[in-house]
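What follows is one structure encoded as structure tokens, with my remarks underneath.
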Number of protein chains: 2
Amino acid sequence: MTTDAFLADCRARLAFDLLSNTWNAVVLWALREGPYRHGELRERIGGISSKVLTETLRRLEFNGLVDRQAHPGAPPRVAYELTPLGRTLLVPIDTIGAWAFAHGDEVMAAQERASGLQ
Amino acid sequence: MTTDAFLADCRARLAFDLLSNTWNAVVLWALREGPYRHGELRERIGGISSKVLTETLRRLEFNGLVDRQAHPGAPPRVAYELTPLGRTLLVPIDTIGAWAFAHGDEVMAAQERASGLQ
DNA sequence: CAGCATCCCGGCAGATACTG
DNA sequence: CAGTATCTGCCGGGATGCTG
């Protein structure tokens, strides 16, 4: 098992905290096909406010997962791109997504069962 | 790509929400080696309060990931065990942990770099 | 266009004390 | 032993409005 010293190890927490935010994984995933600008990202994602998108990008940048390129001038042009490190995180994200597609209905069924019998 | 319709799909969110809680994944992981009782789990995990452990177990049970067996009598004996569904979720959890072990130091280095230059 | 400044709210999680 | 009952603080995230 690769992660046997899991419980006490803070390093594992690191990855979970990265994926624990509502939007981190979504933005990372949306960026997988190349640089996008702020507005493009908002469109592609849908349902995220401008403020929250900026916060998320700042967080990802802080953790070395996203690279921010500001081309100066007016109007402002800012592009965001995955770093190589950020790109490696797409693997776990995809694994989670795959699990959801395989077992999502089982979870929902369990939820309804549990709700039903109070 | 298995999860191309990721952004709009609520099913993917399901899995992320499951792993977004601070303790869900930890408790799931702690349960991977068979049934444990409330007190045993607390010991094995460390740093979790009784109340929060109960809440977490209730949540996991609600989602069909954990099975709760109460053997009546005094003193009370309650054991928790992974369901087959819960066991499948160990795979993504392990993937995340493996990523953390492989790239955790890169993230920490990036954080220090970002903190350093203000 | 990109993004800060505010205000606000709900829910996770910790600490503490109590019960069958 | 395995919980429940409170009280509390914190932070993510939404809404709105303003700026260079």
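What you see is a predicted model, and the numbers here were worked out from it, not measured in a lab. Side chains included, hydrogens not; waters and symmetry mates left out as well; all remaining heavy atoms used. Below, read A as the first sequence line, B as the second, and so on, with proteins coming before strands; counting in each chain starts at 1.
Phosphate proximity of C/dG3 to A/R77: absent, as no side-chain N or O sits under 4.0 Å from OP1 or OP2. Look at A/Y80 and you'll find a side-chain N or O under 4.0 angstrom from OP1 or OP2 of C/dG3. For B/R68, no side-chain nitrogen or oxygen approaches OP1 or OP2 of D/dA2 to under 4.0 Å.
Between the CG atom of B/L53 and the P atom of C/dC12 there is a distance of 16 Å, rounded to whole Å. For the pair A/R42 CZ and C/dC1 C1', the computed distance is 12 Å after rounding to whole Å.
Each of D/dG3, C/dG14, D/dA2 was ranked by its minimum atom distance to the side chain of B/W23; first place goes to C/dG14. The listed nucleotides are C/dG3, C/dA2, C/dG20; the one nearest the side chain of B/P76 is C/dG20. Distances were taken from every side-chain heavy atom of A/T54 (C-beta onward) to each of D/dG3, C/dG3, D/dG14; the shortest belongs to C/dG3. For B/V78, taking side-chain heavy atoms from C-beta onward, the closest of the listed nucleotides D/dC1, C/dG3, D/dA2 is D/dA2.
Scanning all heavy atoms of the two residues, the minimum distance from A/L19 to B/S20 falls at O-OG, 4.0 Å.
Under the 4.0 Å criterion applied to side-chain N and carboxylate O atoms, B/K51 and B/E55 are assigned as salt-bridge partners.
A donor-acceptor contact under 3.5 Å links the side chain of B/K51 to the base of C/dG14.
The residue A/S49 sits apart from the nucleic acid: no heavy atom pair falls under 4.0 Å.
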